[in-house]
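Comments concern the structure below.
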Amino acid sequence: MIDIRFLRDHSDVVRASQQARGADPTLVDAALAADARRRSSLVAFESLRAEQKSLGKQVAQASGEEKTALLTRTKELSAQVKEHQATANDAEAELDALLFRIPNVVEGAPAGGEEDFVTLRTVGTPRDFAAEGFAPRDHLDLGEGLRAIDTMRGAKVSGSRFYFLTGVGARLELAILQAAMDKALAEGFTPMITPTLVTPETMRGTGFLGEHADEIYRLERDDLYLVGTSEVALAGYHGDEILDLSDGPKRYAGWSACYRREAGSHGKDVRGIIRVHQFHKVEMFSYCSVDDAAAEHERLLAWEEAMMAAVELPYRVIDTAAGDLGTSAARKFDCEAWLPSQERYLELTSTSNCTTFQARRMNVRERTDSGTRTVATLNGTLGTTRWIVAILENHQQPDGSVRVPEGLRPYLGGLEVFEPVR
RNA sequence: GGAGACGUCGCAUAGUCUGGUCUAGUGCGCCACCCUGCUAAGGUGGUAACGGGGCAACCCGUUCGGGGGUUCAAAUCCCCCCGUCUCCGCCA
């Protein structure tokens, strides 16, 4: 939710943001009009209510004829108060509905759609498989050879886009996640294992129930949603709280299963485990002061890049275009690893600065010298199941074995190579 | 799943039976000042959030788990929901 006072004072900025996203700029004027209606109806209601309260006190003291006369008057007033209260409530609901549809105000992201990202840097060099004298296999070929990935049985048991990780595949996922948790711990994050089923209020608060509601699994009988990331639970964690951030940001590392319906992606990334309905992820989440949010965003990105280095992958960092930002994000950086089999980059991490957007919906504030104010929230990926794809492909050897990056060996009992099973 | 108790301003609690004097009291904690050569103790005052109006001092409104209802008037009465705790049952 954007700040209505910001909207009042800087409507041009919000309009420009809507344009940069390719969203509807007329929502801004509709919201301003609704706000004006809300305020005028509120003034009318509040003055009537004040009169009602003061007369109510006189009723309590009065008796006899005086009381009867007062009661006649207060009965009239009571009806008027109800009427105006309803009007004010309606105006507020109308404003809320409009505000809910306005995504976060873009901060510094390039304008345009998915293709309009800006590459900030490219790190590492993709291997030249032609020079090495063999054609790279894709991750599923490799994973099947290693008995690490079983998508056939995944489909048998649960349908398409499900899979089993077996043997070294299971161990590799645990290694990635454990390395991510250790990295987070080293940087001062509090490790968290979070709920993966959340209430509608929590899901709404994080901004996932707007345009992207189709992506989310819902358990209708219980009125709960399956989260697509632990960000959801972590954003709700401090809901309705006033935090003390005088010692710096509150940082949490969430470990959870993640569920995505992939409703709009039929036919896309159907092979292997690139795009699946269920996976695991370690997610960084930070509550920080608005003044510190941009710097915190850089820090989250740096920690992600440290993980990319630990698994020895060539990657690029992109500054996502406004139209490709989530509802809550003001800016987003992705680390994309090179995918040899497809000769393209694949998103492995994503870090978003949600500024005060999520925190306002979740009602998370901090105490300052001059009162309270809404905090900023940020999130970023530190490791996911999908990393297996890039690790297998980039570290493969001609015989179908895969070199284990040094950063993961401590988590695999020192194992240096995954050997194919004959 | 069944029975019961409970949910009040950071924490603890009073108030609910008997609706209006609740502008929600008190203690703790916290802040400021005073006193005491330090410390401890004591004294005085202040201590919620949100929204609206105003240049401002300030004024008004909302909020007693959430939502509805009764009433001129609800922390207080009624209904529904959520949560916590205790006991029972069932399951792993």
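Quick note on labels: first sequence line is chain A, next is B, and so on, each numbered from 1. Computation of the quantities below employed the complete heavy-atom set of this structure, encompassing side-chain atoms and omitting hydrogens, waters and symmetry-equivalent molecules.
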Which atom pairs, one a donor and one an acceptor, fall under 3.5 Å between side chains of residues 18-25 of chain A and the rest of the protein, sequence neighbours left out?
{"residue": "A:Gln18", "atom": "NE2", "partner": "A:Asp24", "partner atom": "O", "Å": "2.9"}
{"residue": "A:Arg21", "atom": "NE", "partner": "A:Asn104", "partner atom": "O", "Å": "3.1"}
{"residue": "A:Arg21", "atom": "NH1", "partner": "A:Gly326", "partner atom": "O", "Å": "3.3"}
{"residue": "A:Arg21", "atom": "NH2", "partner": "A:Asn104", "partner atom": "O", "Å": "3.1"}
{"residue": "A:Arg21", "atom": "NH2", "partner": "A:Gly326", "partner atom": "O", "Å": "3.3"}
{"residue": "A:Arg21", "atom": "NH2", "partner": "A:Ala329", "partner atom": "O", "Å": "2.7"}
{"residue": "A:Asp24", "atom": "OD1", "partner": "A:Thr26", "partner atom": "N", "Å": "2.9"}
{"residue": "A:Asp24", "atom": "OD1", "partner": "A:Thr26", "partner atom": "OG1", "Å": "2.7"}
{"residue": "A:Asp24", "atom": "OD2", "partner": "A:Thr26", "partner atom": "OG1", "Å": "3.1"}

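No hydrogens or angles considered: nothing links the side chains of A:Asp334 and A:Tyr345 as a donor-acceptor pair under 3.5 Å. Of the N and O atoms on the side chains of A:Lys281 and A:Thr385, not one donor lies less than 3.5 Å from an acceptor on the other residue. Judged purely by distance below 3.5 Å, without hydrogens or angles, the side chains of A:His277 and A:Glu262 never pair a donor atom with an acceptor atom. If you check the side chains of A:Asn353 and A:Thr355, you find no donor sitting under 3.5 Å from an acceptor. A side-chain donor from one of A:Glu231 and A:Gln358 sits under 3.5 Å from a side-chain acceptor of the other.
Residue contacts for A:Glu76: at a heavy-atom cut-off of 4.0 Å it reaches no nucleic acid atom on any strand shown.
The residues A:Arg204 and A:Glu201 are annotated as not salt-bridged, no charged nitrogen and carboxylate oxygen being separated by less than 4.0 angstrom. Contact check on A:Arg373 versus A:Glu366 returns a salt bridge, with a Lys/Arg side-chain nitrogen under 4.0 Å from an Asp/Glu carboxylate oxygen. A salt bridge does not link A:Asp240 with A:Arg365: every distance from a Lys NZ or Arg NE/NH1/NH2 to an Asp or Glu carboxylate oxygen is 4.0 Å or more. The pair A:Arg261-A:Glu215 does not meet the salt-bridge criterion, since no charged nitrogen lies less than 4.0 angstrom from a carboxylate oxygen. Comment: A:Arg8 engages A:Asp35 in a salt bridge, judged by a side-chain N to carboxylate O separation of less than 4.0 angstrom.
Of the nucleotides present, none pairs with B:C55 by Watson-Crick or G-U wobble criteria with both distances under 3.5 Å. When both distances must be under 3.5 Å, the Watson-Crick or G-U wobble mate of B:U62 is B:A49. If you check B:G42 for Watson-Crick or wobble pairing at under 3.5 angstrom, you find it paired to B:C34. Across all strands shown, B:A3 pairs with B:U86; the Watson-Crick or G-U wobble distances both stay below 3.5 Å. Across all strands shown, B:U13 is found opposite B:G25 as a Watson-Crick or G-U wobble partner, with both distances under 3.5 Å.
Straight-line distance between the C1' atoms of B:G20 and B:A75: roughly 13 Å, to the nearest whole Å. Taking the P atoms as reference points, B:U63 lies 11 Å from B:G68, given to the whole Å. Annotation: B:U39 and B:A32 have their P atoms spaced 14 Å apart (nearest Å). Nucleotides B:C9 and B:U47 have their C1' atoms positioned 10 Å apart, rounded to a whole Å. Separating the C1' atom of B:G65 from that of B:C85 is a span of 15 Å, rounded to the nearest Å. Nucleotides B:G15 and B:C6 have their P atoms positioned 12 Å apart, rounded to a whole Å. The same atom, C1', is picked in B:C17 and in B:C77; the two are 11 Å apart, to the nearest Å. For B:G1 and B:A12, the P atoms lie 29 Å apart once the distance is rounded to whole Å.
Taking A:Glu241 as the reference, nothing meets the salt bridge (Lys or Arg N to Asp or Glu O under 4.0 Å) condition, with sequence neighbours excluded.
A 6.0 Å sphere centred on CZ of A:Arg153 holds no more than 12 heavy atoms belonging to other residues, nucleotides or ligands.
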Can you tabulate the close N/O pairs, meaning under 3.5 Å, that link protein atoms to atoms of nucleotides 20-22 of chain B?
{"residue": "B:G20", "atom": "N2", "partner": "A:Gly56", "partner atom": "O", "Å": "3.3"}

Below 3.5 Å is the cut-off: list the nitrogen or oxygen pairs between protein and nucleotides 76-81 of chain B, distance only.
none

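Ring geometry for A:His238 against A:Tyr287 counts as perpendicular: the plane angle is over 60°, on a 0 to 90° scale with 30° as the lower cut. Using the six-membered ring where Trp is involved, A:Tyr237 and A:Tyr252 have ring planes that are perpendicular, over 60° apart on the 30 and 60° scheme.
Side-chain nitrogen and oxygen atoms of A:Ser78 include at least one within less than 4.0 Å of the OP1 or OP2 phosphate oxygen of B:A73.
Looking at residues 89-99 of chain A, you'll see that no heavy atom sits under 4.0 Å from any atom of RNA chain B.
Following rounding to the nearest Å, A:Gln85 (CD) and B:A73 (C1') show an atom-to-atom distance of 14 Å. B:A73 atom C1' lies 11 Å from atom NZ of A:Lys53, rounded to whole Å. One atom, CG of A:Asp240, and another, C1' of B:G83, lie 14 Å apart when rounded to the nearest Å. Nucleotide B:G61 holds its P atom 16 Å from the NE2 atom of A:His84, rounded to whole Å. A straight line from NZ of A:Lys82 to C1' of B:A74 spans 12 Å, rounded to a whole angstrom.
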Checklist outcome for this item: With sugar-phosphate taken as primed atoms, P, OP1 and OP2 and all else as base, the protein-contact string of nucleotides 46-56 of chain B at under 4.0 Å (heavy atoms; B, S, -) is ---SSBSS---
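In terms of position along RNA chain B, the nucleotide closest to A:Arg49 lies nearer the 5' end than the nucleotide closest to the other residue of the pair A:Arg49 and A:Thr74.
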